[in-house]
Amino acid sequence: MLNEHNFGKKCEARGLKCRFGAGVIYINSAKSNWRILHRNGKIYKVLHENYRGIQYNNGNFKSGFHEQKLWNFQVDNILDYIEKHDKCFLQPKMSDYDRMLERAKRQKFEVV
């Protein structure tokens with residue numbers, strides 16, 4: 001059974017902010033926004049807000065939430081997933097050229 005007080009404490013311990021609505025829990029992390037849908041005390045869907053978006057010709061971005069495919073809807077698993085998502089998936093993407101420059105900076109070259 002979903003316990004809002006315990007859920008809130010777990011979020012707070014991880015630095016996540018949460019609010020509760022009818023059938024939905026809103027979670028805000030430092031990097032993204034989430035919605036967790038629940039019914040009769042059971043979580044059944046986890047949604048993540050589009051953070052990169054799709055830019056239309058008029059310069060506007062498509063917004064909205066998309067479903068995350070989780071195999072386990074236990075609270076700790078969901079919060080672990082959110083933390084990992086923010087840490088791993090929201091890192092800036094490095095191009096091949098940038099990686100090559102980083103390797104060159106780490107190596108010491110001797111000019112003869």
Side-chain angles (χ1 to χ4, degrees):
M1 191 65 135
L2 184 63
N3 181 309
E4 289 182 4
H5 178 74
N6 289 343
F7 192 99
K9 288 285 189 188
K10 288 181 179 191
C11 286
E12 186 178 323
R14 295 169 185 255
L16 302 171
K17 295 180 178 153
C18 69
R19 296 180 293 119
F20 299 92
V24 64
I25 302 168
Y26 304 93
I27 296 182
N28 300 92
S29 71
K31 295 183 180 180
S32 59
N33 300 311
W34 301 80
R35 291 185 183 162
I36 298 175
L37 306 181
H38 61 92
R39 186 182 308 123
N40 299 326
K42 290 190 173 190
I43 296 170
Y44 67 92
K45 193 177 284 190
V46 176
L47 303 168
H48 175 253
E49 186 174 27
N50 294 333
Y51 56 90
R52 292 194 177 115
I54 298 169
Q55 190 169 15
Y56 295 116
N57 290 338
N58 64 5
N60 293 329
F61 284 90
K62 177 182 178 182
S63 62
F65 287 78
H66 57 276
E67 185 175 354
Q68 301 296 294
K69 305 292 185 197
L70 275 75
W71 58 273
N72 179 333
F73 287 104
Q74 299 298 315
V75 172
D76 288 328
N77 183 64
I78 292 169
L79 297 179
D80 287 345
Y81 181 85
I82 290 171
E83 283 184 319
K84 185 175 181 178
H85 187 279
D86 279 4
K87 186 180 285 184
C88 298
F89 295 104
L90 295 178
Q91 296 297 321
K93 303 293 184 223
M94 189 178 279
S95 71
D96 290 339
Y97 179 76
D98 290 333
R99 274 193 286 280
M100 182 181 70
L101 285 176
E102 284 297 317
R103 274 194 305 270
K105 287 178 188 177
R106 288 190 298 257
Q107 295 175 351
K108 292 184 180 181
F109 292 98
E110 293 183 18
V111 179
V112 180

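For the single chain, residues carry numbers from 1 onward in sequence order. No experiment lies behind these values; they were computed from the predicted model shown.
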To the nearest 0.5 Å, what is the distance between [atom1] on [X] and [atom2] on [Y]?
X	Y	atom1	atom2	value
K31	K87	NZ	NZ	9.5 Å
K42	L2	NZ	CG	12.0 Å
K10	L79	NZ	CG	7.5 Å
R35	R19	CZ	CZ	8.5 Å
L37	F65	CG	CZ	10.0 Å
K69	K45	NZ	NZ	8.0 Å

For side-chain contact (heavy atoms from CB on, under 4.5 Å), just list the numbers for I82 and H48, CA-CA rounded to whole Å, side-chain angles, deciding distance to a tenth of an Å, and then say yes or no. CA-CA 9 Å; I82 290 171; H48 175 253; over 6 Å; no
Could you report the tightest heavy-atom contact between H38 and V24, atom names first, then the distance?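 Minimum heavy-atom contact is NE2-N, 3.6 Å.
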Heavy-atom pair with the smallest gap, counting every atom of F20 and G8: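 Closest approach of F20 to G8: CZ-N, 4.1 Å.
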For side-chain contact (heavy atoms from CB on, under 4.5 Å), just list the numbers for W34 and L16, CA-CA rounded to whole Å, side-chain angles, deciding distance to a tenth of an Å, and then say yes or no. CA-CA 10 Å; W34 301 80; L16 302 171; over 6 Å; no
Please check: side-chain N/O of N77 versus main-chain N/O of N72, any donor-acceptor pairing under 3.5 Å?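 Checking the backbone N and O of N72 against the side chain of N77, a donor-acceptor pair under 3.5 Å is found.
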Intermediate values then yes/no, side-chain contact (heavy atoms from CB on, under 4.5 Å), V46 and F73: CA-CA 8 Å; V46 176; F73 287 104; 4.0 Å; yes
Just so I know, are the side chains of I25 and E4 near enough to count as touching, which here means a heavy-atom distance under 4.5 Å?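 No, their side chains stay 4.5 Å or more apart.
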Is there a side-chain contact between I27 and I78 in this structure, where contact means two heavy atoms from C-beta onward sitting under 4.5 Å apart?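 Sidechains of I78 and I27: no contact.
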Go through the steps to decide whether V75 and N6 satisfy the test side-chain contact (heavy atoms from CB on, under 4.5 Å), and finish with yes or no. CA-CA 10 Å; V75 172; N6 289 343; over 6 Å; no
